[in-house]
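Every chain is numbered from 1 and lettered A, B, ... according to where its sequence line falls, protein lines coming before strand lines.
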Amino acid sequence: MDKYNPQDIEKKWQKYWEDNKSFSAQDSSDKPKFYPLVEFPYPSGAGLHVGHPRPYTGMDIVARKKRMEGFNVLYPIGFDAFGLPTENYAIKTGRPPAEVTAENIANFTRQIKSLGISFDWSRVVDTTDPKYYKWTQWIFLQLFKHGLAYKKNMPINWCTSCKIGLANEEVVDGKCERCGGEVEKRDKYQWMLAITKYADKLLSGLEDVDYIERAKVQQQNWIGKSEGASVEFKIKNSELKITVFTTRPDTLFGATYMVLSPEHVLVEKLKDKINNFADVEDYINKAKLKSDLERTELQKEKTGVELQGIKAINPVNNEEIPVFVADYVLSTYGTGAIMAVPAHDERDFEFAKKYKLKIKEVVARKIGEMLPNSRRRDGVASVLEREGKVCILLHRDNGEYRLPAGGFDSPEEDDYATLKREIKEETGYTQFTIADFLGSIYAYYYATTKSVNRERIQRGYVVHLDSYEQVPQQLTKFENYDVQWHEPEDALALLKQNEVESGEYVFVERYIENKKYQGYYNVGVNVNSEFLNGLETKEAKEKMITWLEEKNIGKKQINFKLRDWVFSRQRYWGEPIPLVYCEKCASENKGGNEQNPGWFAIAESELPLELPQVEKYEPTDTGESPLSQIPEWVKTTCPNCGGEAKRETDTMPNWAGSSWYFLRYIDPNNDNEFASQEKLKYWMSVDWYNGGMEHTVLHLLYSRFWNEFLYDIGVVPTSEPYKKRTSHGMILAKGGEKMSKSKGNVVNPDDVTAEFGADTLRTYIMFMGPFDQAAEWDTNGLVGVRRFLDRVWNLQEKIGESTDGDTTRVLHAVIKKVTDDIDNMRFNTAVAKLMELSNEVSKASSITKEDYLSVVKLISPFAPHMAEELWEMYGNSQSISQEKWPEYDETKIKEDTITIVVQVNGKVRDSIDVPAEIPEEEIKKQALELENVKKWLDGKEPKKVIYVKGRLVSVVV
RNA sequence: GCCCGAAUGGCGGAACUGGUAGACGCGCACGACUCAAAAUCGUGUUCCUUCGGGAGUGAGAGUUCGAUUCUCUCUUCGGGCACCA
C-alpha cells in the first residue's frame, strides 16, 4: 500500500474535475434544483488568506452532499473587483486598474482551485467586465426611469490634504484612512437611490425568509420603523409653521418648548424676527464646524440657543412656548424639528433643567388593576424626611403601613395646602418645606381603611421636616396611626408588606433610587391633558391623532431611520453612470426625467458605457471624478434634442455590482438580457446564502432592494432573493488578533496546502470550532487532522470479509449524525464523529469493502481529493461526487444491551447492563438489589424510584 | 446608555427534549518499536483525597428526584446600535 500523498492526489483530481466539468450545473434537469451561494471575493493583490476558505468550504460540503443526494446544484463563484484598493494601487504605480485586476483574479482563481471547492467555473462573473457591468448600468437605468434615482446636494467627506472625496468607509475616526489628514464636509450634487421607498417592503419581507436572527434584527434596526404623528405648530405673528414628527402624540399637552436643528431652513426664514440673530448664527456656525464624531461624542451636555422674539403655539392648549436651536436635534431624522416634552423625554428633560424651562407632567405611571365601582379621589403623598430617615404610619387596628397622604378637600385646595393639612392631622408636625417632586402615579386600589375601591392620581413629594415639635394628632375614627421613623430601605420593606403595589411604595422607591424627580419615560395614564385624562398611552395616542386629523393640524405618520442611498463616487474604478445632461433641454424644460430636469438615459443600444482609458487616476482638485478630465469622453449628444450635452462623470459605488450578481450566475453569457426569464424561473431564489456578519446591513439590504425592484418591474420571479441566510465566524491569528498585512500575521493557504494538503486544510477549518463563531488559527490543530486523514487512508488494510456488529452500529449512527450535522452547519461535530468512526474501524478486526467505501463517501465532502482517489482504487470508474450519499438503517443503530446508570439521591452509585427492551418494573427491581444501592440506602425505604427509559434509574430516599 | 450573544480541563471545543459533564482534537506523561531520534502504535490524563469518597460547567439564589441546559440577580468578555424625537 502506498502512503497517503496529498500533493500528487490533489493535483490529479483537480485536473480531472476541470477536464470533466464535474460541477457544471444543468440549466434543465429532472432533478430538484439547489442554489447555494457564498459572497464573492474582492481580488486584492495580497491573495487569499485562510479566512477565505471557511465559507467556501462550508458551503462546498453542503453542495457536495446535496449533489450526492440527487440535487442539480448551482454553486458559483466570481469576483467583486471594482473598488478602492485597486484604484489606490493604480494611483501609486500608474498601472491600469483593469490590468492589475486581471492579474489578481488569475491569482485568486489559481488559489481557490487548489482548495478543491466544487464551484461551477464555467459561470464565473467579474463585475469589472463590460459584459457584466453593461447590465449593472441597465438596472440603474431602470431605477432612473422608474423615478428611483435622483440628484441631490449631499455632503461628502473631503480630505483636505489628499484633496479627494472619500467614501464613508475610508474615514476612520474622523481622519483620512490613507494619509491621516483632516476630513471635512463638502456639499456636492450626488446621485441618490430612493431605497426609502422600499423601506416597508424590506421590513415586511424579512418575515418570510429564514435568516439568522441577528441578521434580521440588525436589518430591522437599520430600517428603524417608528409609528407616530406629524403635528403642525403655528408661529406667533407669522404665517410660518413648524412641523414635527413625534412617536408620542399623547404627550402633546406636555410640550413646553420646541427645538429646531441647526440646519433647519426656518431659521433663515425667521431671521428678521429673531432679536438675537447674531447669537443664533454664531451657534449654528459652531455646530456646522463640529464633525459628526464631535457632535455625538460631546453628548455629555446639551447646548442650544433660544430664538428670542419667536414663540410657537401649542395647538392643543394655545399656550405660547419658546423655540430653540440645538444640535441635539438631528436635521436628518423626522422633520429636523421636535416638540420638546421634558417631563417624558430624557434629553428634553436634561435640556429643560439646564435652561430652566417649564416641565409639565402629563403621563402618570399606572399601578394596580381596574376594580369595579371605583371612586376617583386624587391626592398627594409625602415622603417626610428627618435626618435621613423617613416617616411611616402604622395603623393600630389593621397593622397596615402607609405614608402621610391624603385627598383634596375642595377643588380649590392646592398640593401644598393638602400636604399641610394631612401631615398635621396624621403626624402632628407642622413645620416643613417641599424639597422635591416625585412625579404622579395613577392607581387603582382598594382602600382597606375605608373599604372602598379607589381610582386615584397621586402626586408624590419629598417633604423636609424643619421642626420636630408636634401638636396632638387629630385622630379620627379611621385614621388611627402611630408615627414611626425608619431608614428608607426599611420603610420600603414595610410598605411592601401591604401586598398590593401602592403608589406610596413607588414614591419611596423613587426617593431612594433617584433622590429627585427625573421625569417618567414610559407608558402610563394621561393627566393634566384635558380630553386625554385617564386614558392609557395607547388610547391617548389614537385619540390625539384623531383630534389632530379633525382639526387638520396633524396626521398619523410612519418614519424610518433608513436614508436614501448615496450612489455617486467621484472615482475612476467603478461603473460609469450612463446618464447625460443637456443644459438646453433643462432650461427649456423639454422632456426628460421629472425629478431631474435635463437628465437623460443613454440609449440601451449604447450599453455598456465603457470606462475610458485615462493617464492618471487621481481625483481632481475640485473633487470631480477623474472622468471629468477627458473632454472627448464627457462631450456627447443629447438623446432628447440631439444637441451638445455632457456625460455624468461620477461612477457607481462598489455595492452596485454585488447587488445583483446572484442573478447573473444563472445566465452569465447572455448578451440580450441580464439573464433569461426561463432560467431565472428555474433557479431563483437562492436557496442558501452564507456570508459575513459585516455584510448583513449594507450588501444584504441593497441587494434585496434591487431584487425587489426588479420583481416589481416584472423581470425576476421572486420578491426576496435569498431564502436562507447564515453567517460564518472570522478566522483570527494566534492571540485572537485580526489577520492583517500590517501585523504580518496572515496565514497563506498556499503554504498550508504545500505542507499538509488541501484536504487537511479544509477538514481542519471545519473542525476548528462552531462555524458561526470566530476561531483562532492554530498550526498544531492541523497535525491532528492530518493524522486522522492518514488513518482513514491506512484503513484500507482492514478491508476483509466482514464488518463486526459494533462497527456496523457505529457506522450507521455516524451516517445519521453527519447527515444531520451538515444540514445544520455543525461541521465541527461532524468531523469529530468521523474521527470516532475511524478510531472504531481501527480497533475492528476487519471491514467489508462496501462499508469502507461508505466511510469514504461520508468523508468525501470534507476531503474530496482523498475520497476520489480511494474510490478509484477500489474499482469504481465514476467520480465519487456522482455517487449516492449513504443512508442509515435505524434498526442497525439500536443496541441489544444498554447500560443503565443508577443514582441514589442524585448521585451516580452504580450501573447495570440490561437488555434494551427491559420492562420498567424489572429494571427498578434489579436496581434496588444492587449492592452499591443497598449500601447507600442504608436500610431505609426508598421514597420514590424514577426510571428514565434507556438512561437511568433514580432512587430517592 | 440600549439591544443581542457568550462564559465548561493546561488549550480548541462536545453534551439529544432537564437524565453518567468533559465526546473529538491538541498538549502532556508513561510504555512498545529503534543503537538513538522522528514518525507510528498502545495506555493514561477535570481537581482534591485519609482511596471510603468529596468537589466541579463565570458568581450567588431558585424550581426539580436530578440543572452546563429552565427562572431571577450580578460579574466579565465579544458583537451591534447609539441624541432616531
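- The aromatic rings of A/Tyr355 and A/Phe324 sit tilted relative to each other, their planes meeting at an angle between 30° and 60°.
- Between A/Glu39 and the choices A/His699, A/His728, A/His695, the side chain to side chain donor-acceptor pair (under 3.5 Å) rule is met once, by A/His695.
- Comparing A/Arg951 and A/Arg248, the nucleotide of RNA chain B nearest to each residue sits closer to the 5' end for A/Arg951.
- Checked by atom type, the side-chain pair A/Thr897/A/Asp913 shows no donor-acceptor distance below 3.5 Å.
- Atom NZ of A/Lys798 has more than 12 heavy atoms from other residues, nucleotides or ligands within 6.0 Å.
- Note on A/Lys843: every side-chain N or O is 4.0 Å or more away from OP1 and OP2 of B/G42.
- Within 4.0 Å of A/Arg826, counting heavy atoms only, lies no atom of the nucleic acid at all.
- Here the P atom of nucleotide B/C26 and the CZ atom of A/Phe767 are 8 Å apart, to the nearest Å.
- Rounded to a whole Å, the CG atom of A/Leu952 is 8 Å from the C1' atom of B/U20.
- Among the protein residues, A/Met339 comes within range of no part of the nucleic acid, since none of its heavy atoms lies under 4.0 Å from any strand.
- Residue contacts for A/Asn828: at a heavy-atom cut-off of 4.0 Å it reaches the sugar-phosphate backbone alone, with no base atom in range.
- A/Phe351 does not carry A/Lys302 over the face of its six-membered ring by the limits of under 6.0 Å from the centre and within 45° of the normal.
- Among the protein residues, A/Lys216 comes within range of no part of the nucleic acid, since none of its heavy atoms lies under 4.0 Å from any strand.
- Using P as the reference atom, B/A38 and B/C47 are 25 Å apart when rounded to the nearest Å.
- For A/Val948, the side-chain atoms get nearest to B/G19 when compared with the rest of B/C81, B/G53, B/G19.
- Rounded to whole Å, the P atom of B/G25 lies 12 Å from the corresponding atom of B/U43.
- Residue contacts for A/Val217: at a heavy-atom cut-off of 4.0 Å it reaches no nucleic acid atom on any strand shown.
- With both ends at atom P, the span from B/U68 to B/U8 equals 14 Å, rounded to whole Å.
- When the options A/Phe767, A/Tyr764, A/Phe771 are evaluated for a ring pair (Phe, Tyr, Trp, His ring centres under 6.0 Å) with A/Phe827, the one that passes is A/Phe771.
- Among the nucleotides B/G25, B/A85, B/C81, the one closest to the side chain of A/Val329 is B/A85.
- With distances taken from any side-chain atom of A/Val908 to the nucleotides B/C24, B/G80, B/U20, the minimum falls on B/U20.
- Residue A/Lys943 is classed as having no contact, given no heavy-atom separation below 4.0 Å to the nucleic acid.
- One atom, CG of A/Asp778, and another, P of B/G10, lie 18 Å apart when rounded to the nearest Å.
- In this structure, of B/A15, B/C83, B/C81, it is B/C81 that holds the atom nearest to the side chain of A/Lys561.
- Between the side chains of A/Ser226 and A/Tyr333, a donor-acceptor pair is found at a separation under 3.5 Å.
- The residue A/Arg909 sits close only to the backbone: its heavy atoms come under 4.0 Å of sugar-phosphate atoms, none of a base.
- Contacts of A/Asn839 with the nucleic acid, taken as non-hydrogen atoms under 4.0 Å apart, involve only primed sugar atoms and P, OP1 or OP2.
- Nearest nucleotide to the side chain of A/Met835, out of B/C83, B/A85, B/C24: B/C24.
- Counting non-hydrogen atoms of other residues, nucleotides and ligands closer than 6.0 Å to CG of A/Asn522 gives a total above 12.
- Taking the O4'-C1'-N9-C4 or O4'-C1'-N1-C2 dihedral as appropriate, B/G25 has a value more than 90° from 0 and is therefore anti.
- Dashed line: the shortest gap from a side-chain N or O of A/Asn780 to OP1 or OP2 of B/G12 is not under 4.0 Å.
- Residue A/Lys738 qualifies as open at atom NZ: its count of foreign heavy atoms under 6.0 Å is 12 or below.
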Nucleotides 65-70 of chain B: which of its N/O atoms have a protein N/O under 3.5 Å away?
{"residue": "B/C65", "atom": "OP1", "partner": "A/Lys944", "partner atom": "NZ", "Å": "3.3"}
{"residue": "B/C65", "atom": "O2", "partner": "A/Ser954", "partner atom": "OG", "Å": "3.0"}

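- In this structure, the NZ atom of A/Lys833 is 11 Å from the C1' atom of B/C16, given to the nearest Å.
- Atom P of nucleotide B/U20 and atom CD1 of A/Ile900 are separated by 11 Å, given to the nearest angstrom.
- Between B/A85 and A/Ser226, a contact under 4.0 Å exists linking OP1 or OP2 to a side-chain N or O.
- At whole-Å resolution of the value, CH2 in A/Trp777 and C1' in B/G12 are 13 Å apart.
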